[in-house]
Amino acid sequence: MTKNEDALKKIIAHAKEYGFVFQSSEIYDGLSAVYDYGPFGVELKNNIADNWWKSMVQHHENIVGLDSSIFMHPTIWKASGHVDAFNDPMLDNKDSKKRYRADMLVEEHMAKIEDKIDKEVKKAAKRFGESFNRDLFIETNPRVAEYRNNIEEIKKRLYTSMDEEDMEGIKKLIEDLEIVCPVSGSRNWTDVRQFNLMFATQIGSLSEGANTIYLRPETAQGIFVNYLNVQKSARMKIPFGIAQIGKAFRNEIVARQFVFRMREFEQMEMQYFVKPGTEMEWYNFWKEARMKWHISLGLPENKFRFHDHIKLAHYANAATDIEFDFPIGFKELEGIHSRTDFDLGAHQKFSGKKIQYFDPELNESYVPYVVETSIGLDRTFFAVFSNAYTEEKLPDGSERVVLHIKPALAPVKAAVLPLTAKDGLPEKAREIMDKLKFEYRCYYEEKDSIGRRYRRQDAIGTPYCITVDHQTLEDNTVTIRERDSMKQDRVEIEQLQGIIQLKLKS
Ligand code: GAP
């Protein structure tokens with residue numbers, strides 16, 4: 001098992017044990033790439049969503065919200081291009097009967113070559129000790145150069161075939177690389193076929209003549225088709241944005257990526273409508289603003305990078321991914337796309353309704369351009385959760401697992417713990433709980449030793465534990481223990497709200 005696989009396994013196990021994420025339908029052996037959020041997971045996810053909503057809608061006077069439906073008129077997906085072009089190249093192994101994404105098989109093959117480069121680097125670092133220059137070694141070592149050329153060649157063949165929708169070319173690449181099925185170990189592959197990612201279902205009863213409709217694969221189209229409704233009803237002037245949080249569905253063929261790639265997931269999207277010609281200015285504005293937001297969640301700057309798209313989709317004139325260093329490596333967390341007037345223009349054409357903005361300053365009408373920011377809520381949860389997960393060795397030799405989540409996002413803000421379950425301590429602790437629980441999500445617990453209860457709260461990332469002891473009954477003071485430093489202070493009950501409030505702002 002590689003270091004990364006080991007880290008991911010630990011994170012998945014922790015998420016389950018402490019009530020963050022469960023495999024969907026687990027008692028029926030689970031449903032692949034579908035997950036449920038447990039008691040603390042749902043709190044963390046809601047806190048992230050709430051933070052995003054505030055940063056978009058509350059903090060920008062010119063951005064308003066929307067909650068559009070999952071089912072929409074089927075022509076919407078024709079107009080948006082999803083019916084014809086929202087495809088992944090797939091192939092089956094005839095022996096194991098397992099289906100794979102062809103491009104992912106090739107990408108996994110490239111990752112294995114990257115691992116070989118890493119091994120060479122580590123070996124050399126050991127050999128040369130202090131004097132080792134990593135960059136120079138990578139530039140000059142012949143074996144590493146061969147591996148790197150190999151990767152470049154594979155990339156070129158893969159991406160050219162993908163761009164040209166050359167399924168035979170992708171199959172030939174898989175054959176040439178001698179890629180085997182991870183389950184059967186054989187190279188007995190079917191041809192590569194395009195596979196549409198949308199889930200279809202029927203609306204209406206068969207007797208009425210049922211129609212095929214799709215579960216939305218992105219929330220954005222609900223925003224585009226409501227553009228006129230929102231602009232008129234909320235009297236919005238360009239530039240303005242529409243923000244939405246909601247479920248999206250894609251029939252992904254994947255394995256072992258936890259909540260990174262799911263079949264049912266949540267998106268937080270914002271479409272920003274601008275005057276044609278000003279889109280690059282806004283694209284750059286949102287690139288910067290979105291990166292700042294990620295850092296504001298307490299995630300380290302060095303775990304982020306932009307990946308600007310060189311080859312652009314037909315509707316975009318600029319696009320970038322904000323990538324995060326997940327336990328599965330650097331991967332897309334958010335996409336920022338300058339989508340021109342493609343979507344509004346397409347809906348205008350397919351619906352026959354005029355979708356335009358009358359610009360009072362120019363005294364003319366136009367179809368606005370759109371810059372979108374599109375982020376997965378589940379991927380943000382994964383980023384926050386995996387980044388927070390820490391195994392610590394303590395000065396006394398013991399160990400703890402702690403989630404160093406930014407306090408404002410923590411599922412529980414304070415745990416109220418009577419030292420023992422007798423002598424009137426639970427009653428006093430309940431009084432405190434009743435005061436605090438209307439302000440913050442709090443947690444009351446009296447079972448087990450205080451040390452074990454602290455550990456449990458560390459494991460779910462609770463910033464403060466408030467312990468009620470016998471002295472509390474005498475002088476109305478409690479101990480308050482801070483999660484990260486584990487420092488304990490004696491404070492008056494009256495001070496608790498102020499202390500917690502201050503922490504939530506940090
Ligand atoms: N409207 C643009 C759009 O949907 P996308 O890059 O396909 O763009 C946007 O998706 C974001 O949605 C991604 O950056 C990712 O965070 C999230 N996302 C996409 N597919 C996902 C999946 N299968 N599981 C979880 N999140 C996903």
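For ligands, and for the atoms within them, numbers begin at 1 and follow the listed sequence.
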**Study point:** CG-OG1 distance between L403 and T390, expressed to the nearest 0.5 angstrom
**Key:**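 Spacing of CG (L403) from OG1 (T390) equals 7.5 Å.
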Within a distance under 4.0 Å of any heavy atom of [X], pick out the atoms of ligand 1 and give their elements.
X	answer
E218	1 (N), 2 (C), 3 (C), 4 (O)
E334	14 (O)
E269	1 (N), 2 (C), 3 (C), 4 (O)

Practice item. Please answer whether the main-chain N or O of P407 pairs with a side-chain N or O of K413 as donor and acceptor at a distance below 3.5 Å. Key: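 Side chain of K413 to backbone of P407, a donor-acceptor pair under 3.5 Å: yes, one is there.
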Check your understanding: Can a salt bridge be assigned to the pair K292 and E288 using a cut-off of 4.0 Å between side-chain N and carboxylate O?
Key ->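 Salt bridge: yes.
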Check your understanding: Does the distance from a Lys or Arg side-chain N to an Asp or Glu carboxylate O, for D88 and R99, drop under 4.0 Å?
Key ->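 So D88 does not pair with R99 through a salt bridge.
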Relative to ligand 1, is [X] under 4.0 angstrom through side chain, backbone, both or neither, heavy atoms considered?
X	value
R263	neither
L333	backbone
R261	both

Check your understanding: Ring centres of Y35 and F258 under 6.0 Å apart?
Key ->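 They qualify: ring centres under 6.0 Å apart.
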Review point. Would the Y357 and F273 ring centres measure less than 6.0 Å apart?
Key: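 Not under 6.0 Å, so no.
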Do ligand 1 and [X] have nitrogen or oxygen atoms that lie under 3.5 Å from each other?
X	result
A220	no
M262	yes
R250	yes
D378	no

Identify, for [atom], the protein heavy atom at the shortest distance, and state residue, atom and that distance.
atom	answer
atom 6 (O) of ligand 1	E332 OE2, 3.0 Å
atom 15 (C) of ligand 1	R379 NH1, 3.4 Å
atom 10 (O) of ligand 1	Q267 NE2, 3.4 Å
atom 25 (C) of ligand 1	F260 O, 3.2 Å
atom 2 (C) of ligand 1	E372 OE2, 3.0 Å

Review point. What are the two closest non-hydrogen atoms of E372 and E269, and how far apart are they?
Key: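 Between these two residues, the closest heavy atoms are OE1-OE2, 3.9 Å.
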Point to revise | Nearest non-hydrogen partners of R193 and M167, listed with the distance | key: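 Here R193 and M167 meet closest at C-SD, 4.4 Å.
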Point to revise | Minimum non-hydrogen distance to atom 3 (C) of ligand 1, winning option of S374, A248, A383, A319 | key: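 Nearest option to atom 3 (C) of ligand 1, by heavy atoms: S374.
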Practice item. Check each of F324, F265, F381 against atom 21 (C) of ligand 1 and report the one with the nearest heavy atom. Key: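 Nearest option to atom 21 (C) of ligand 1, by heavy atoms: F265.
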Cation-pi, [Y] ring and [X] (6.0 angstrom, 45 degrees):
X	Y	value
R379	F324	no
K287	F306	yes
K45	Y37	yes

